[in-house]
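To keep things clear, I will list the structure first and then write my remarks on it.
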Amino acid sequence: MTTSLVREKKIKTNGIWLNVAEKGDEGGPLVLLLHGFPETWFSWRHQIDFLSSHGYHVVAPDLRGYGDSDFLPSHESYTVSHLVADVIGLLDHYGTAQAFVAGHDWGSVIGWSLCLFRPDRVKGFISLSVPYSPRDPNLKPSEFSKTFGDGLYITQFQKPGRAEAAFAKHDCETVMKKFLLTTRTDFMVAPPGTEIIDDLEIPSKIPEWITEEEIQVYADKFQRTGFTGPLNYYRAMDLNWEILAPWEGSKIVVPTKFITGDKDIGANETMEYVKGEMFKSMVPNVEVVVVEDGHHFIHQEKAKQVSEEILSFFNKLRATE
């Protein structure tokens, strides 16, 4: 890991300041990497090094509410409209008409929304873990989540203060280990009367793909910022549902690649969905890659394979320009 050559700076975009990490020749093609929950730009450290060494100008922001970027207290400031506008502002800052984009988890949601709202700004998009799913006109996300009961992590994240209080019973290092190191393949549903953070287990041994020092990098950030910003993304899901109404039935026309682990959260259901007709009809120009023995934080766990998949896809698109 050679993140010492990463440059960090603050960029004003969409009325807020985002902290970004960047590396590589600024004359190279721009790659924007969007992290998920609960992470920071640091989750892309392997891809930043790898892609920049192959001629790309790599930019990875701390998303709004995370790390050293601005925190906004209201969940109403975390809709896909806000998040996509943040990204457009970054592209404008760098003077880039079109960029290559990769996202993981919530970063994938932002990337799919970017492709939906502004396909003219995206050369190619890679989604890790979260496939594109069309809006259900009859069911709000919170209503769908309730079908799993109160134990579903998304449901537990809805009420302001609930998850924050549950997380606060543990130190930040423990919270990070519980999320980053999970090997669960269900939808993360806790037993009745139990908070999901208490139900998640920490392995007896730290896996080889991450170090105690790297986990501490995350823990130090969240110790300072808290978790309300990241949790606000979940609290804005119903607002996103309202915002996305005009795009109901719209297809993703940008060239895309979907990468997932066969042991990700909800892996069985995701596999069935991405192999089905619905996904292929909504995302007609998509490649699907399943990484064997891969869990949720696949870009860190299987860093070399994921980095090579990203590079090959972006290189292929460059060759057709």
Side-chain angles (χ1 to χ4, degrees), residues 6 8-11 13-14 16-24 29-52 56-70 77-94 96 98-119 121-132 180 218 221 229-230 232-234 236-237 240 252 254-260 296-300 303 306-307 309-311 313-314:
V6 169
E8 286 190 72
K9 67 181 181 183
K10 295 284 183 71
I11 294 175
T13 170
N14 191 28
I16 64 170
W17 290 94
L18 291 187
N19 180 63
V20 305
E22 63 179 319
K23 190 174 182 180
L30 185 71
V31 173
L32 193 64
L33 303 176
L34 306 172
H35 69 79
F37 175 91
E39 300 173 281
T40 64
W41 72 260
F42 188 70
S43 67
W44 291 107
R45 58 197 177 278
H46 305 293
Q47 288 73 35
I48 291 172
D49 288 341
F50 185 81
L51 294 172
S52 64
Y56 287 88
H57 176 203
V58 187
V59 173
D62 289 336
L63 299 179
R64 64 166 58 201
Y66 280 90
D68 294 317
S69 291
D70 281 357
S77 297
Y78 292 81
T79 71
V80 285
S81 292
H82 294 90
L83 300 168
V84 170
D86 291 350
V87 171
I88 294 295
L90 291 179
L91 300 186
D92 290 346
H93 170 85
Y94 287 103
T96 302
Q98 279 193 319
F100 295 106
V101 181
H104 171 252
D105 189 80
W106 268 103
S108 290
V109 175
I110 298 170
W112 289 121
S113 300
L114 175 66
C115 292
L116 199 61
F117 298 167
R118 295 297 304 273
R121 303 301 299 269
V122 189
K123 288 182 182 177
F125 173 56
I126 294 178
S127 169
L128 306 183
S129 298
V130 178
Y132 178 70
L180 292 176
Y218 292 113
K221 291 294 183 187
N232 276 341
Y233 286 65
Y234 295 91
M237 289 173 72
N240 291 339
I252 300 293
V254 172
T256 58
K257 190 176 204 175
F258 176 65
I259 305 173
T260 190
H296 187 60
F297 297 93
I298 194 169
H299 53 319
Q300 298 177 75
V306 169
S307 295
E309 289 286 355
I310 293 173
L311 179 67
F313 185 66
F314 290 164

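Note that this is a predicted model, so its numbers are computed, not measured.
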Scanning both residues in full, the closest heavy-atom pair of V84 with I110 reads CG2-O, 3.9 Å
Flag side-chain contact, heavy atom, 4.5 Å: V109 against Y233:
no
I310 vs F50 side-chain heavy atoms within contact, under 4.5 Å:
no
In terms of heavy-atom contacts, S108 and G103 come closest through OG-O, 2.8 Å
For F297, the ring pair (Phe, Tyr, Trp, His ring centres under 6.0 Å) test, sequence neighbours excluded, returns H104
In short, S129 meets I298 closest at the heavy-atom pair OG-CG2, 4.4 Å
Q: Carefully, step by step, assess I88 and F117 under the rule side-chain contact (heavy atoms from CB on, under 4.5 Å).
A: CA-CA 10 Å; I88 294 295; F117 298 167; over 6 Å; no
Residues passing the side-chain contact (heavy atoms from CB on, under 4.5 Å) test with D70, sequence neighbours excluded, are I16, W17
Side-chain contact test, heavy atoms from C-beta onward, threshold under 4.5 Å: evaluate it for L51 versus L311 and give yes or no.
yes
With sequence neighbours left out, the residues meeting side-chain contact (heavy atoms from CB on, under 4.5 Å) with V122 are V101, L114, C115, F125, V254
In this structure, CD of Q98 is separated from CG of L30 (nearest 0.5 Å) by 11.5 Å
Query raised in the report: So, do W106 and F37 have ring centers that fall under 6.0 Å from each other?
Result: no
One should read off an interatomic distance between D68 CG and K10 NZ, to the nearest 0.5 angstrom, of 5.5 Å
Can you check whether T40's main-chain N or O pairs, donor with acceptor, with K221's side chain at less than 3.5 Å?
-> no
Output for pair (L34 CG, E39 CD), nearest 0.5 Å, gives 11.5 Å
All heavy atoms of N240 vs all of V80, minimum pair found to be OD1-N, 2.8 Å
Minimal heavy-atom distance between R121 and T96, with the atoms involved, is NH2-O, 2.8 Å
Residues passing the ring pair (Phe, Tyr, Trp, His ring centres under 6.0 Å) test with H82, sequence neighbours excluded, are none
With sequence neighbours left out, the residues meeting ring pair (Phe, Tyr, Trp, His ring centres under 6.0 Å) with F313 are none
Could you tell me if the side chain of L32 sits less than 4.5 Å from the side chain of L91, heavy atoms only? yes
Checklist entry - Are P61 and L90 close enough that some pair of their side-chain heavy atoms sits under 4.5 Å apart? => result yes
### Task
Would you sort out whether D62 and L18 count as a side-chain contact (heavy atoms from CB on, under 4.5 Å), showing the intermediate values?
CA-CA 6 Å; D62 289 336; L18 291 187; over 6 Å; no
Heavy atoms of L33 and Q47 approach each other most closely as CD1-CB, 4.2 Å
Rounded to the nearest 0.5 angstrom, the OG1-CG distance for T13 and D92 is 7.5 Å
Here the gap from M237 atom CE to N232 atom CG, rounded to the nearest 0.5 Å, amounts to 13.0 Å
When rounded to the nearest 0.5 Å, the distance separating CD1 of I126 from CD of E309 is 8.0 Å
request  = State whether the side chain of S52 and the backbone N or O of V58 hold a donor-acceptor pair below 3.5 Å, judged by distance alone.
outcome  = no
Exam field: side chain S69 to backbone G65, donor-acceptor pair closer than 3.5 Å:
no
Applying side-chain contact (heavy atoms from CB on, under 4.5 Å) to P131 and not counting sequence neighbours gives F258, T270, Y273, V274, F279
Q. Given W112 and S127, is the side-chain contact (heavy atoms from CB on, under 4.5 Å) satisfied, shown in steps?
A. CA-CA 8 Å; W112 289 121; S127 169; 3.3 Å; yes
Tested for ring pair (Phe, Tyr, Trp, His ring centres under 6.0 Å) against H35, the lone hit among Y218, Y66, W41 is Y66
Review point. Side chains of F100 and P29: does their closest heavy-atom pair fall under 4.5 Å?
Key: yes
Note, E22 side chain near H57 side chain (heavy atom, < 4.5 Å):
yes
Tell me, do L63 and D86 make a side-chain contact under 4.5 Å, heavy atoms counted?
-> no
